[in-house]
Every structure is written in structure tokens, then in C-alpha cells.
Amino acid sequence: MYTFSYQKPSSVADAVATLTGDDDAKVVAGGMTLIPTLKQRLAQPSALVDLGSVPGLTGIRRDGDALVIGAMTTHATVAADATVRSALPALAALAGGIGDPAVRHRGTCGGSVANADPAADYPAAVVGLGGTVITDRREIAGDDFFTGLFETALEPGEIITALRFPIPKRAGYAKFRNPASRYAVVGVMVAETAAGIRVAVTGAGASVFRVAAMEQALGGTFSPAALDGIRIEADDLNTDLHASAEYRAHLVTVMARRAVEAAS
Amino acid sequence: MSKSTGIGASVKRVEDYRFLTGRGRYTDDMTRPGQCHAYIVRSPHAHARILSIDTAATLAAPGVLTVLTGADMVADNIGSLPCGWLIHSRDGTPMKEPKHLPIAADKVRHVGDQVAVVIAETLQQAKDAAELLDIDYEELPAVVSPGSVETAGTAVHDEAPDNVCYDWIWGDKDKTDAAFAQAAHVTTLDLVNTRLVPNAMEPRAAVGEYDPGMDEYTLTTTSQNPQLIRLLLCGFTMGLPEHKVRVVAPDVGGGFGSKIYHYAEEVIVVYAARRLKRPVKWTAERSESFLSDAHGRDHLTHVELAMDPDGLFLGMRVKTTANMGAYLSTFSSCIPTILYATLLSGQYKTPAIHAEVKAVFTNTVPVDAYRGAGRPEACYLIERIVDVAARELGIDRAELRRRNFIPPEMMPYDTPVGLQYDSGNFARNLEDALALIDYDGFPARRAESATRGKRRGIGFASYIEACGIAPSNVAGALGARAGLYDSAEVRFHPTGSVSVMVGVHSHGQGHETTFAQIVSERLGVPMEKIEIVHGDSAKTPFGMGTYGSRSLAVGGMAMMKAIDKVIAKSKKIAAHLLEASAEDIEQDGGVFRVAGTDRSVDIAAIAGAAYVPHNYPLDELEPGLDEQAFYDPKNFTFPNGTQICEVEVDPETGVVKIVRFAAVDDFGRVINPMIVEGQVHGGLVQGIGQALLEHAIYDEDSGQLLTGSFMDYAMPRADDVPDFEVKTNEVLCTTNALGVKGCGEAGTIGGAACVMNAVCDALDIGHMDMPASPERVWRVLRDSRPAMAAE
């Protein structure tokens, strides 16, 4: 690790002020990606702004037809929360399948979304459930949030404070885990929402994406069989040691079917 | 009823209290007064000439004490890291043995090779300063693939222009050719035994200390064999007298072979401590372990099996290319030869076998023994080709094995590859394993899986291994440069407790428990009064350490000999105290009795008399009750067994799930069934890891290790493995008095073969290479079933 200063602000406003004055400062939430990166000397921030002591950033509440989850809420909390498990079991399952127990007890939903790892699970939830990213200054629709590989619509110094998920009629998440890292090789969130069917895929491409053909087919009949014959082009998909683009394309259809089967 | 103590009892591990409460003391836990920190700068290139190293900016950085380079070590006559086994090629020439300097002096030969060492007050300072080093490399083409080294057009070492270390043969070629000439059927197979990274839980670490007043050195290191490290440090790399050097291997968190070897870092910290006159510590980071711990396996093999019309094996030919990596690690040369080709008979009475092994240098991390070491490679090819043969002949795989097993009545059995098996009932292990797994119920289970869209397969591995390499003179004739005995000292203290100093080392095996169980039973001393001392050259007699499942069969036997000496002396003391003749004294545990009488004395009283010799035959006996013994075995021991597993393959994704696993093992006498079961579980998990998950992959052009972290190198986890059903069949070893054979590697010997046989059965194919990872399995299914891919 390179030397950096460590800031522990007591409010979002203080955190934003620190970040705004220093382009090389970085926010740390759970640190599950950032800390290993620092240990390998792959990043050299001037300061770490730790949100761990900022009040009001954790917790889960029901707000009408939506769930609002504080950005610093850990995956383990989301996975075990009774409200999430009854209102949005697909999200509880997604959170409970992230990484390993240590990661789930440190890693946060806001951190995951802000980092926008192409193989992270949460982007599939934000886009697949038609969620909204709430920041210190505005609300960003999930569809507009993820802009590319590790890239988001967040402005410099902007901090995510919560995620809002409208409660769908039903939703299911199916993930094909990387056997080594347990990130998503392919993860598919399928949801029947008030605004229609949404199918969001993480892990397969540079960033989470929706599959219009699948959404259309499931809009007709919400059943695994409705997806038969729908194939994803491999051209723009990721290839790595664990899965070629061709295999990922195949898995998208398989996981989408399984997500529909799991939907509740 | 099962015993609660002594031999055969599942005594809870006495070492676990300190481990489970965080009170273990590992090398990295040691902090010495005045300690400084070494950071090792490693090569980013697979193959490059070092043109220059400019250390000026580094030396000027805050906290830096020194920068060491290969040139410094050469100037100070620091020697090459030695190889402990000399193999001769078929033409009689000795293997190519290029220098392996602790810090590269002319060229770097693999990514991770040591280039320079920065030593500073803190590790952080050393790392910061290391970034200021200016190293000028001339990159050279890299030799990566072991299959094409001779035409690579570049040499890893000038001494081996074709990159061949040795070209070795074993067995009777003429007899094997004759067997093939009369074969009714020949099965052939080409297979890859994948490269693995051992990944012990505790990364390697070393602390070097030098006392200028006494001119004494202490090396604390993560080693499976501290006495051997002292021998190599003194005799080869540092050239020091042994009485001035103490090597300590404290608690060590797993080794699996990777901590046998004498590593560069051990030399570096000792050398640096002398130069700086301060303790120097180095601890590997995990990514550093991937690039500097010796790797395992990495064979390319062609095998042919000749059979008569009934499937009886007539002969086998094996051609293997073994990747040594960039340098010869301490025991690397004997792994694909002496520990591999000698096992090619397996459990079968194949009368003629011939093996050709070519060992090659590549620009990759050195390869050496990894749990099983040569024997899993032998077992994998044998058990794979037996399955392929059964498939080709249409014979049930259990039946083909039965027909070819060496029966118990042929024991002792001389194999055509140089070993004499002393004992074993291979057929019984198979039948018991078939019963455990419910072989007859498999078709129904397969049909049930099919209703869920899954393809179920079953696979066997009937393995044999050779443990406790011995005797020393035979090993020496085969090229060993060290003895293969072990040692123990039993010190019976005046007030009745016992310390046993052993030359073997426990780094997870539980010796502090199992060895104490033997002492407890033999000397009638309760467990809590016994300590097993290991891992410190200043405390223990000279022993060869722990690897190759040798600890009990060799070290345990040395301890038995020392115990026998204690008993013999105790009988004489008892005879004196009981006013009887020593010949009339009977011993039962801690009680010494005049035969046929009720006159007895216990061993605590005997020890008291030995150390306070007032009523004592001083003119006949020395005081004290402290005995030492060395033991050199008469033969290897031969653990054996059959493993059977069932897998379910998801044809949509290619995911293989192990759903049932049964293992029946003959380890000879079992001292602690609980610990043995744990060893079997751990071994099987490593076998499963190779079959389904683990794979060290190098980029063919650049020689970069692509699987250099746990993000890409898939280690088996608890949810990757099933519940294991295990059973032991004790057939006592006839060549040692304890009757023990060893259990540490058994699970790994057969595990990978067993799983791959089940995978191939599920896929209904002859062969696929490891690992049976999802995409590979999916592709096999797609390519063999075009209709399925189009679904």
C-alpha cells in the first residue's frame, strides 16, 4: 500500500466536501475491491474517505411500493433481512450469493454499485428491478446509471446514499459463478414489474445490459419455455480464462430460464 | 467398544488447543529485537538477460539498509541451491544440473525469479525503495510449452541447449515389446497431468539471525524438514559449520510438499543477517507464493496398454515429458522417475512395463513434489487407461480390475518396475468400496438423474502408492544424495513425564497426538505427561523431516526403537529393584512384573531410581533413562485402496457435481482413526481440486502466469466437495514392527483419476483432460452431441 491520509467524516456533506477538494481522494465503503487494490499497489489515492461512521447510510425500509436500502448496508444484512426476504426474495438471494461470508459481512450494496464491476451481482438488481440510485444530490434511474466498464453516471465527489427498488410482482436471479472468484460469469435478473418485464444481464459484457427479445417474449408468457430459441450474440461479450464469449452467450439463455423458474 | 486412548483410539488432537485459540506460533509471528525487512524484487519477464541494476536511488531512500544482488552473492561465494537426486539419462550421462543462484546473476528464467533484495527498517520502506530500482533487461524469447522445448530456438540454460535435463528409461523394453507383439488388443491414450500450485494456507516466510559475538546463525523458516535445510544451508549454499547454525521450523500451516525444498529466500535472510548483523525477516505475499513456491505435476504422457482376449494386461508402455520449470528444485528430478515409473504396475500383475521420461527446462516456476509426488501421476494414467480399455473391450470396469489385481497370495510381489509390494488385499478394498457406494443401485440412480435432466457417471480408482522411500543404500544407488532414515530420542524425565524429540515435522499431520498415543501405550504414561518435540535442529536428533507419508513408517519406527531401548533398560532396573533376573521381568505398559508373581514396579519408580541412583546397579548400568535411535527402513510401505465416486453433470452448463464418494483404504495399522479420516478427506479434496478446478496456466508467448491469484486459480471449497464415506481395511505392513503404511497422500493419489473416470462415464467418452471445468465439459457435450447444442 502507498501512503494515504485517512478521513472519517461524520456526515455525507463532510464527505462530499473532502472529495470535492481533492480529485485523488477515494471513497471507501466496505473496501472489498479497493483494499486489495491498494495492497497490490495498483491504486494510489491521496486520501480514503471512509463512510463507515456517517449516520443514516445503513438500514432497510419499506417506502410504499418500494424498498429503500441504505448504501452502506452489507450484503449479509440484505440477505438476512425479513422485509427483503418477503418483499423481494430475489434480491435477498442475490445478496446472499455474493463472494463469501467475509465479503458479505464487509461489502456494501452502495460500494458494489459505485464500483460497477462488470462481474458484480448488484448491477443486475439495479437494472433488472428498475431500481433507482439515490445520491447526495439527485436520483439516477438504474437504466442510466451504468455507463461502461467500471464506469457510472456519478459525478466526481458524488456519493450514493441509498438504492430504491420498486417491489415487483415477481422476480428471480440466477447466477453462474466463477469457480475461483465467485463473481458472476453470467448473472441474470428477471422481473415482472408494474412497468413490464425486465431482463438484465451482468458478468457477460462490459457492463450490465437488458435483453429486449427476452423481455418481449416473457411479456407474452412468463415461462422458461418462452425463452426457447432466443440467442444472444457473442460478439460483444467477455472472454477470459473461465468462459469464452460463445459460452457466456449460451449461459445467458440458460440462466435467464433458471431465473424465470426461480421467480417468486 | 472403541478405545479411548493409545494405539487405535480417536484421541482429540492435542495441538488443536493452540491452533483453535489463535495461539499457534508461526514464522511470521516471530519479531526479533532490531529486526529489519526484506522485500524481494522479482522478474517481470519469463526470460531476460540482466544488463544492469542501478541501486543508487534505492539506497538513498528512507529506511533502506542495503540492496543485495546476485553479484553480491557470487562475490561472497554463496553457492547454488542444490538438487538432491542425480538421475542419469539412457545414454549414461548425468542429468544437466545448471546453477540455481539464490539471486539471479546473469539471466532471469521465470516470472518471479529473484533479481534483487531491498532491506529496510520497515517492509513499507523496502517496497517504496524497490520501486526506485533501475533494472535494465534484454528480453529473450521464452520457452513455455514442455511439449516443444527442443525446437523452441532458445535455451533456458546454456548447459542444456535443447532444454532437456535428462532422458531416462525404466523397465524391460524387450519384454514389453514382446508383450505388445502378442496382444489381442492395445489401448492407447494421450493425457495431460496439469500443473498445480500447492497453496498451503500459510505462505512461506523466513527470519535470519546472526550473533556476531558467538558467530552463530539461526534460521526460522516454514519448512517440513528443518534438519535437511540446515544440511543444505551448511553444506551447499552458505558453507557454514553445522554447530554454528540452528534451523527452526515452528508451527507450520500446511506444506503439501511445497515446504520441503531449500529456497532462495532462506539463503537470502541468513546472508543478509550476517551482512547487516541484524535479524532479517521475509514473508511471502500470496501473489508472491504463486510465483515462487515450487509447483506440482505438469506431465504430458502417451500410454499404451496391451491385453489378451480376456482383458488380462500383458504390457504397458509409457512416454512422459515432465516439466521441471526453470531450475531443478530440491527433489524435482526424482519425482517423474523414481517416484513415478516405479509405480506403473499399480495394483495389477502387468508382467512387462517400459517407461521413457524426458525432463525438460522451461521458463516457468520450478516443479517439484506436490502431495503424492509422482504417484498421483502414475495412478492417473493407469486408472484412466484401464477405464478406456474396459470401454473398448466392453468389460465392466470393476470386473476388468478384478481380473488383473495382484491377489494377496502372491504377496510379497515383485513388480516389473523395481518394487516389492509386501502386503495388501486389493480385491477386498474394491468389493468393500462397491458395497459402500451401492454399485448395484447405480443404474437406478443414473435413471433418476436423467429424469432431472442430469447425466450421472461413476468412476473408480484402485491406487497403490509407495511411502517412506527406503532403504538408504538402495535410494543412494538410484541417485539419492541424502539418507532416508529418521531418528528419535525418548527422554524419560525423573518425575515420570516424557519428552520425545523426533526428526520428522508436523505441519498439520497431528504428530503431537499420534506419536504420543504410541508412547502412551508402549510406556504406560498418560497422554498429558508426554510431549512430542519437533522442528528445531537444536533440540531434535538429525532427521529427514516429513514428506511422502513417511513420518510414522520411518520416524515412528525410530521412536519405537528408542522406546524399546527404554523398556530394555527399564527391565534391568526393575530386576534390580525387585531382586530378580532381568529375563524374568515382564512389561505391560508402565508396569514391570516378575513373571508369575505379584511383585511389580511401575515405570515412574524406575525413572526415579534411574535419576536418583541410590538403590541402583551402578557398576552395570548408566544412570538416566534417555535413549536415542535411528531407523532405516527395509522397504517402502505400500498404502492402497479403492475410491469410487459418482458425479452429476448438468448438460446445460457443463457443471460437474460430485454427489457420492466412497474410499476404502489399507493404511496398515491405524493409530488414530479420526486423524486418518481427516487426512483422507484432505487428500481427496486436493484430488478433486485437480480434476475439476485447479489449473496453473501460462501464456504460451510471454510466459506470464495467467492464474496468479485466487481470482483465477480455483481452489476447492467446502461446497465443492461431498460428504465422504470412508473405511479402512487394516492389512499390516510386514516390513515394519508397527505394521503401518502411511495415509497422508492416499486421497490425492487416486482422487483425480477417480473423479475423471466418473466424468468420462457421465459424458460417455473415452477421455478428456483435466480440469473438467464447466466450459470444457459443455464443449465436449456439444461436440459429441450436435443435436443437444442446437436445443
Whatever's closer than 4.5 Å to a heavy atom in chain A on B:D720 counts as side chain
Given that the side chain runs from C-beta out, which part of A:F176 has a heavy atom under 4.5 Å from chain B: side chain, backbone, both or neither?
-> side chain
Identify which of B:R717, B:E694, B:R776, B:H695 forms the greatest number of heavy-atom pairs closer than 4.5 Å to chain A.
-> B:R717
Answer with side chain, backbone, both or neither: which region of B:P774 has an atom nearer than 4.5 Å to a non-hydrogen atom of chain A?
-> both
What do you reckon, is CZ of A:R106 surrounded by more than 12 foreign heavy atoms closer than 6.0 Å?
-> no
Below 4.5 Å from any heavy atom of chain A, which atoms of B:I697 appear? Answer side chain, backbone, both or neither.
-> side chain
Note: B:E131-B:K127 ion pair, threshold 4.0 Å (strictly below) = no
Aromatic ring pairing B:F710/B:F290, orientation class (parallel under 30°, perpendicular over 60°, tilted between) | perpendicular
What part of B:T653 lies closer than 4.5 angstrom to a heavy atom of chain A: side chain, backbone, both or neither?
-> both
So does B:R779 have more than 12 non-hydrogen atoms from other groups sitting under 6.0 Å from CZ?
-> yes
For each of A:T3, A:L241, A:N178, A:L251, tally heavy-atom pairs with chain B at distances under 4.5 Å, and name the one with the top tally.
-> A:L241
Are the charged groups of A:R177 and A:D121 less than 4.0 angstrom apart, N to O?
-> no
Relative to chain B, which segment of A:S244 carries a heavy atom at a distance below 4.5 Å: side chain, backbone, both, or neither?
-> both
B:W778/A:H250 under ring-ring contact (aromatic ring centres under 6.0 Å, His included): CA gap, chis, key distance, verdict = CA-CA 10 Å; B:W778 174 73; A:H250 165 78; 4.7 Å; yes
Do B:H45 and B:D113 have a side chain donor and acceptor closer than 3.5 Å?
-> no
Contact origin within A:Y2 toward chain B - heavy atom pairs under 4.5 Å = both
